[in-house]
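Let me begin by presenting the structure, written as C-alpha cells, before commenting on it.
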Amino acid sequence: MIPYGRQEVTQSDIDAVVDVLRSDFLTQGPAVPKFENAVAAYCGANEAVAVNSATSALHIACLALDLGPGDWLWTSPITFVASANCALYCGAQVDFVDVAPDSFNLSVDCLAEKLAIAELAGKLPKIVVPVHMCGLPCDMVRIHQLSQRYGFKIIEDASHAIGAKYQNEPVGNCRYSNITVFSFHPVKIITTGEGGMALTNDPELSDRMRRYRSHGITSDAGKMEPRPLDEIWNYQQVSLGFNYRMTDIQAALGASQLNRLDEIVAKRHAIARLYDAEFADLPLQPQVQSLGAYSSYHLYAVRLNLERTTLSQREFRDVLVAKGVGANLHYIPVYRQPYYCSMGFQAGYCPVSEQYHREALSLPIFSSMSISQNQTVIEIVRGILT
Ligand SMILES: *Cc1c(COP(=O)(O)O)cnc(C)c1O
C-alpha cells in the first residue's frame, strides 16, 4: 500500500535524537529552546512556544487570548476536529463558516456575511481560526481586515502549513494573526513524533502560553507574589496550567528535520505538479492554488467531478485501495461528527463543505515518495477514470 502520507526519518535525525538520549536532559533542556528559536527564525516570528501537540497549542492559544464561557470561536468545517475542540476546552462555543469550493479553505465571503449578521445579533466571535487546508494559505489579508472591522482575534491553524508561503513570506510570521499553530505529528510536513508549536509576535501572549504549558508556574521573580526572604522555593504557580511540554528528544528530532524543510516542500511540489499535469483531463478537480500562495502540500486533495463520472467517491476510493493506493478523506465536516450533531448542528448547515465531503479524496504525497510510486499512483488513477 502506498500511504497518503508518511514521515521521513534520516540517519542525521536519528543521530540528533541519540545525542539527547546520552545527554543530561530528556525534557525541557537546551534542545527545546533551540528548536523554538530555529522555527521562529525560519518563520520570522518573535516568539515560539513548543508543546506536545498542535491540539495543546490551540488550547493554550485560546486561553492566552482569554477565550471563555459566553465567547464564540469560528472555524472551517473542513478541518481536523482539534481546530474546533479547543474552544470547547475553554468553555466557549463553536460555530462554522463554510469553505470555498475551489480553495477548500474558509470562504472569506461567507465569513464577511456571517459577521455582518452576528454583529446585528450581538454574537460576534472572539476568535476566528482559519485553517490552511492541505498547506494552502488562506486569504489572510482579507481575514485580517475583517478582524479590524469586527474586533476578533485570529489563530492560524497552520498544522498543515509549515514551509508554506503567503505573499512570499513564511506562514508563521503572524503578520496577519495573533498566533499561528503548527503540528509535528508524523503525517505532517516535519515531525517530532507528537508535537506542536505556537508562534506569536506578542511577548505577553508567549509568556502566558509558556505558563499554561507548564502548570501555570513561573520562575520569573518579577512575576511572583512577594515571599518571605527565608523561603527557598524558586517558582510559584500563579494560574491554572497543564503539562503540555515537549521533550528534548522530540525537539532534537524536530530541529534536525527543520534543516530539510525547504527540500521536503520542494519535493512535495514536484509530486503535485506531476499529478496536476497527468490528471488535467480526468474528472478530478485539484485544489486551486491562489495567487501569491505557496502551499506546503501536506495533502494532495482532489474533488471527484460526479457529473463527469459514473463512479461514486466510495467506489473510486475502494478501487484505489484495492489496487494499493492509500487514498483517504480529509475531512468529514466537523459539525457532522456525532458529538457535534448532538450539540444541534444539522445537515445542510454548510452546503459547500458537505458537497466537498461527498467528492474529496487525498492521494499519496510525501517527501520520501519514489518516482516509481508516483508513476504507479498516476497509472492507477488514470486506469480507473479513463
Ligand atoms: C493534525 C491537525 C491538528 C492537530 O495536530 P496534533 O499535533 O495531532 O494535535 C489540528 N489541526 C489540523 C488542521 C490538523 O491537521
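First listed ligand is number 1; within each ligand, the first listed atom is number 1.
- Atoms of ligand 1 lying under 4.0 Å from any heavy atom of Tyr331, numbered from 1 in the order shown and given with element: 15 (O).
- When side chains are defined from C-beta on, Cys341 counts as touching Arg336, because their heavy atoms get closer than 4.5 Å.
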task = Any chance you could lay out the ring-ring contact (aromatic ring centres under 6.0 Å, His included) test for His357 and Tyr331, step after step, and finish with the verdict?
result = CA-CA 7 Å; His357 171 215; Tyr331 298 88; over 10 Å; no

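- A heavy-atom separation below 4.0 Å is not found between Phe182 and ligand 1.
- Protein heavy atom at the shortest distance from atom 10 (C) of ligand 1 is Ser159 OG, 3.3 Å.
- In terms of protein heavy-atom proximity, atom 11 (N) of ligand 1 is closest to Asp157 OD2, 2.7 Å.
- Near Ala82, the atoms of ligand 1 lying under 4.0 angstrom from a non-hydrogen atom of the residue are 10 (C).
- Residue Glu194 has no N or O atom closer than 3.5 Å to an N or O atom of ligand 1.
- Backbone and side-chain nitrogen or oxygen atoms of Thr79 are examined, and none is located within less than 3.5 angstrom of a nitrogen or oxygen of ligand 1.
- In terms of polar-atom proximity, defined here as any N/O pair under 3.5 Å, His185 makes no such contact with ligand 1.
- Heavy-atom distances between Ala57 and ligand 1 stay at or above 4.0 Å for every pair.
- Between the Gln287 side chain and the Phe104 main chain, no donor and acceptor come within less than 3.5 Å of each other.
- Under a 4.0 Å heavy-atom criterion, Gly196 is not in contact with ligand 1.
- Ligand 1 lies nowhere less than 4.0 angstrom from a heavy atom belonging to His330.
- Counting heavy atoms from C-beta outward, Asp248 and Pro30 have side chains that approach closer than 4.5 Å.
- Relative orientation of the Tyr335 and Phe96 rings is tilted, given thresholds of 30° and 60° on the angle between their planes.
- With hydrogens and angles disregarded, a donor-acceptor distance shorter than 3.5 Å links the side chain of Ser206 to the backbone of Pro203.
- Looking at heavy atoms from C-beta onward, Ile249 lies in side-chain contact with Leu21 at the 4.5 angstrom threshold.
- Counting heavy atoms under 4.0 Å from ligand 1, residue Thr55 touches it through both backbone and side chain.
- Within the 4.0 Å heavy-atom criterion, the part of His160 lying near ligand 1 is the side chain and not the backbone.
- Taking a cut-off of under 4.0 Å to the non-hydrogen atoms of Ala54, the atoms of ligand 1 that pass are 4 (C), 5 (O), 6 (P), 7 (O), 9 (O).
- The shortest contact between atom 14 (C) of ligand 1 and any protein heavy atom is with Lys188 NZ, 3.2 Å.
- Atoms of ligand 1 lying under 4.0 Å from any heavy atom of Gly195, numbered from 1 in the order shown and given with element: 7 (O).
- Note on ring orientation: taking the six-membered ring where Trp is involved, the planes of Phe184 and Phe182 are tilted (angle from 30° to 60°).
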task = Verify salt bridge (Lys or Arg N to Asp or Glu O under 4.0 Å) between Lys323 and Glu379, making sure each step is shown before the conclusion.
result = CA-CA 11 Å; Lys323 290 179 183 287; Glu379 278 159 30; over 6 Å; no

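- Relative orientation of the His269 and Tyr297 rings is perpendicular, given thresholds of 30° and 60° on the angle between their planes.
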